[in-house]
*Asks:* 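Have a look at the structure that comes next, please.
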2 protein chains.
Amino acid sequence: MAGMITIGKLADYAGVTIKAVRHYHERGLLTEPDRDSSGYRRYTARHAIDLVKIRTLADAGVPLARVRELLDADPDTLTAAIADIDHDLKDRIARLRRTRLQLAQLRGGDQLFVSPDVATYLDALRDLGVSERQIRLERDGWILMQTASPADAAVWIAEKRELITDPAFRALYLEHDAAYDWPPDDARLPALAKRTRDWFTSHHSHTETRPVHNPTIAQLAAQSQPEATSPAWDRLAQLMRD
Amino acid sequence: MAGMITIGKLADYAGVTIKAVRHYHERGLLTEPDRDSSGYRRYTARHAIDLVKIRTLADAGVPLARVRELLDADPDTLTAAIADIDHDLKDRIARLRRTRLQLAQLRGGDQLFVSPDVATYLDALRDLGVSERQIRLERDGWILMQTASPADAAVWIAEKRELITDPAFRALYLEHDAAYDWPPDDARLPALAKRTRDWFTSHHSHTETRPVHNPTIAQLAAQSQPEATSPAWDRLAQLMRD
DNA sequence: TCGAACCCTGCCCCAGGGGCAAGGTCAAGT
DNA sequence: ACTTGACCTTGCCCCTGGGGCAGGGTTCGA
């Protein structure tokens, strides 16, 4: 008869593939239409309407099993369900927008991997003229600490950010950074070790939990990077232990 | 060693499940870390960084196979790829927004299933006082025509919208609608058939492609609804053929 | 010393189709 | 009358991105 359309036409109308239409038959979403004399499926306007409904719900991310339930739900149930789905959709759009922002940061830098506090601390180090190697070491250390114990990490980074404003500490920090490349028997090492120890003892009373000390961080991160220590640093650590 | 974290900590840090982490190992996205003495995986900061990258890309809808490629692509390639992905993401957000609108229409009416032209035509019929049964019949007919031949349907609906502004045609249309429920031997049927034929012959010269006539539409949709015809309409069709 | 909370591998399961094989059918042109 | 290309049919296996569960071993704190 004139008004009966084939599966291809139906699929085109709804913007889906023929395969999808057959899939919906298998799942019981769309009733199988009658066949013509040669076995072709012949669809009616009802099927077209149902198919558009199915696609609208499926596009909204509703699982096909749930779509089937909704297709013959009473209007009130359907209305409530649609409100739910719409809420979910709004949510999903918001999450995609956040993903876009994060994606932009993937190009940018470290903000994606560490907390904002740590990121500003790393920027402060950069301003101070600390080497990129050292900054990587710090960053990896903080990531580790954040995964191991976010609460402790938050306390420590606050202390560190305070500490790095102290000119004496800044000078020591820069010298430690520079010492990385010194020969292990460099004459400046014992003096640096002494000054570091003096500084620590003079500040020990000051803060309860001992602030995380640079080589300590380096050790934490030691596994993650081959360049995490150097002969001079090893020597320095030894001098400071004595 | 102090800085080595377990799979659970790593997964929590990145906001994924343990299962997902192991999945990324299998797919070669994340290198397998060393194991400790009891066979547990022990992760470093590098892994945490990689995992966050992986999730950021995966959240953006990038297939895992492509993520693997991107993880060790050179910066320029990565930048270009990110631009692509972001474009796609924007696109997807737009499509979800459209889905939300369509979802709202699922509650509303027929706008979802027929073209805007047809929807306004149906509204015009409603204003005219045509029965809902007849409007359903028309709607299904138009859906069928749109699937079978969208271009022809567009021409026809334009003609129909013009036609329905003609008071004589409006009167005939309403009478046909009412005739549905008449007994097949109703005395008014022959007169209605004659007036309809007269109207058509007087308008035939006027428009080239013969405008689709009401019972014709009904026949098109005959398969889709049990109520698509009535004894009186059958009789009317027969009277008009003679 | 016990229970809770971890961790391991291995296996099968799901949605939502895509792809391909191996046919049958239909309409148009020649 | 034949061919060609565009349709249609069923059936089967494939993919992604994991989830769930079984059937173990380990570690940590009370």
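Only this structure's heavy atoms are used, side chains among them; waters, hydrogens and symmetry mates stay out. Order of the sequence lines fixes the chain letters, A, B, ..., with proteins taken first and strands second; residue numbering starts at 1 for each chain.
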*Asks:* It should be established whether A:Thr6 places a side-chain nitrogen or oxygen under 4.0 Å from OP1 or OP2 of nucleotide D:dC7.
*Replies:*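 Result: no.
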*Asks:* Sequence neighbours excluded, which residues qualify as side-chain contact (heavy atoms from CB on, under 4.5 Å) partners of A:Leu96?
*Replies:*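 Result, side-chain contact (heavy atoms from CB on, under 4.5 Å) vs A:Leu96: B:Leu89, B:Arg92, B:Ile93, B:Leu96.
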*Asks:* Does any residue of residues 15-24 of chain A have a heavy atom under 4.0 Å from DNA chain C, and if so, which ones, in number order?
*Replies:*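 Residues of residues 15-24 of chain A that come under 4.0 Å of DNA chain C are, in numerical order, A:Thr17, A:Lys19, A:Ala20, A:His23, A:Tyr24.
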*Asks:* Just report the end-to-end axis angle for the helix from C:dT1-D:dA30 to C:dT30-D:dA1, five pairs per end, to 10 degrees.
*Replies:*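 So the angle between the two local helix axes works out to 10°.
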*Asks:* My understanding is that only residues two or more places apart in sequence, or in another chain, count here; which of them pass side-chain contact (heavy atoms from CB on, under 4.5 Å) with B:Ser38?
*Replies:*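 Applying side-chain contact (heavy atoms from CB on, under 4.5 Å) to B:Ser38 gives B:Asp36, B:Tyr40.
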*Asks:* Are the side chains of A:Leu125 and A:Gln134 in touch, meaning some heavy atoms are under 4.5 Å apart?
*Replies:*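 No, too far: nothing below the 4.5 Å cut-off.
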*Asks:* Could you state the CD-P distance from A:Glu26 to C:dC14, rounded to the nearest angstrom?
*Replies:*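 Taking CD of A:Glu26 and P of C:dC14, I get 14 Å after rounding.
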*Asks:* Treat primed atoms plus P, OP1 and OP2 as sugar-phosphate and everything else as base, then score nucleotides 24-30 of chain D 5' to 3': B for base contact with protein heavy atoms under 4.0 Å, S for sugar-phosphate contact only, - for none.
*Replies:* -BBS---
*Asks:* List the residues meeting side-chain contact (heavy atoms from CB on, under 4.5 Å) with B:Thr79, not counting sequence neighbours, and say none if there are none.
*Replies:*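 Scan of B:Thr79 (side-chain contact (heavy atoms from CB on, under 4.5 Å), adjacent residues dropped) gives A:Arg107.
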*Asks:* Taking C-beta and beyond as the side chain, do A:Lys53 and B:Leu106 meet within less than 4.5 Å on heavy atoms?
*Replies:*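 Contact flag for A:Lys53/B:Leu106 side chains = yes.
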*Asks:* In whole Å, I'd like the distance from the CZ atom of A:Arg66 to the C1' atom of C:dG16.
*Replies:*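 My rounded result for the distance is 18 Å.
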*Asks:* Applying salt bridge (charged side-chain N to carboxylate O under 4.0 Å, His left out) to A:Asp140 and A:Arg136, what does each step give before you reach the verdict?
*Replies:* CA-CA 6 Å; A:Asp140 289 4; A:Arg136 268 201 311 278; over 6 Å; no
*Asks:* Work out which heavy atom in A:Ala48 is nearest to a heavy atom in A:Leu10; give both atom names and the distance.
*Replies:*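 For A:Ala48 and A:Leu10, the tightest heavy-atom pair comes out as CA-CD1, 3.6 Å.
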*Asks:* Starting at CG of B:Leu51 and ending at P of D:dG18, how long is that distance when rounded to a whole Å?
*Replies:*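 My rounded result for the distance is 11 Å.
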*Asks:* Work out which heavy atom in B:Arg161 is nearest to a heavy atom in B:Ile164; give both atom names and the distance.
*Replies:*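 That would be O-CG2, 3.3 Å.
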*Asks:* B:Glu32: which residues meet the side-chain contact (heavy atoms from CB on, under 4.5 Å) condition with it, sequence neighbours left out?
*Replies:*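 Partners of B:Glu32 by the side-chain contact (heavy atoms from CB on, under 4.5 Å) criterion, ordered by chain and then number, come out as B:His25, B:Arg35, B:Arg41.
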*Asks:* Just the rounded figure in Å: distance from C1' of D:dG17 to CZ of B:Arg27.
*Replies:*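 Taking CZ of B:Arg27 and C1' of D:dG17, I get 7 Å after rounding.
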*Asks:* Count the heavy atoms of every other residue, nucleotide or ligand shown that sit under 6.0 Å from CG of B:Asp88, and state whether that count exceeds 12.
*Replies:*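 For B:Asp88, atom CG is crowded (more than 12 foreign heavy atoms under 6.0 Å).
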*Asks:* Where along nucleotides 1-6 of chain D does protein come under 4.0 Å, by heavy atom, of base (B) or sugar-phosphate alone (S), with - for untouched nucleotides?
*Replies:* ------
*Asks:* Rounded to whole Å, how long is the line connecting atom NZ of A:Lys9 with atom C1' of C:dC26?
*Replies:*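 It works out to 13 Å between those atoms.
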*Asks:* Between atom CG in A:Leu30 and atom P in C:dG16, what is the gap in whole Å?
*Replies:*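 Rounded to whole Å, this separation is 15 Å.
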*Asks:* Any side-chain N or O of B:Arg41 under 4.0 Å from OP1/OP2 of C:dC7?
*Replies:*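 No, no such contact exists.
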*Asks:* A:Glu26: what forms a salt bridge (Lys or Arg N to Asp or Glu O under 4.0 Å) with it, not counting sequence neighbours?
*Replies:*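 So A:Glu26 forms no salt bridge (Lys or Arg N to Asp or Glu O under 4.0 Å) with any residue.
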*Asks:* How many whole angstroms separate atom CG of A:Leu64 from atom P of C:dG16?
*Replies:*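 Checked: the CG to P distance equals 4 Å.
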*Asks:* On DNA chain D, does the nearest nucleotide to B:Ala58 precede the nearest nucleotide to A:Gly39 from the 5' side, or the other way round? Give the residue.
*Replies:*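 Between the two, 5'-proximity favours A:Gly39.
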*Asks:* Considering only distance and modelled atom types, tabulate donor-acceptor pairs under 3.5 Å from the side chains of residues 14-22 of chain A, sequence neighbours left out.
*Replies:*
{"residue": "A:Thr17", "atom": "OG1", "partner": "A:Ala20", "partner atom": "N", "Å": "3.1"}

*Asks:* Would you mind reading off the distance between B:Arg35 atom CZ and C:dC6 atom P, rounded to a whole angstrom?
*Replies:*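 So the two atoms are 19 Å apart, to the nearest Å.
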*Asks:* A:Asp91: what forms a salt bridge (Lys or Arg N to Asp or Glu O under 4.0 Å) with it, not counting sequence neighbours?
*Replies:*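 A:Asp91 satisfies salt bridge (Lys or Arg N to Asp or Glu O under 4.0 Å) with A:Arg95 once adjacent residues are dropped.
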*Asks:* Look at all strands and tell whether A:Arg68 reaches a base, only sugar-phosphate, or nothing, counting heavy atoms closer than 4.0 Å.
*Replies:*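 No contact.
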*Asks:* What residues, two or more places apart in sequence or in another chain, satisfy salt bridge (Lys or Arg N to Asp or Glu O under 4.0 Å) together with A:Asp86?
*Replies:*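 Partners of A:Asp86 by the salt bridge (Lys or Arg N to Asp or Glu O under 4.0 Å) criterion, ordered by chain and then number, come out as B:Arg100.
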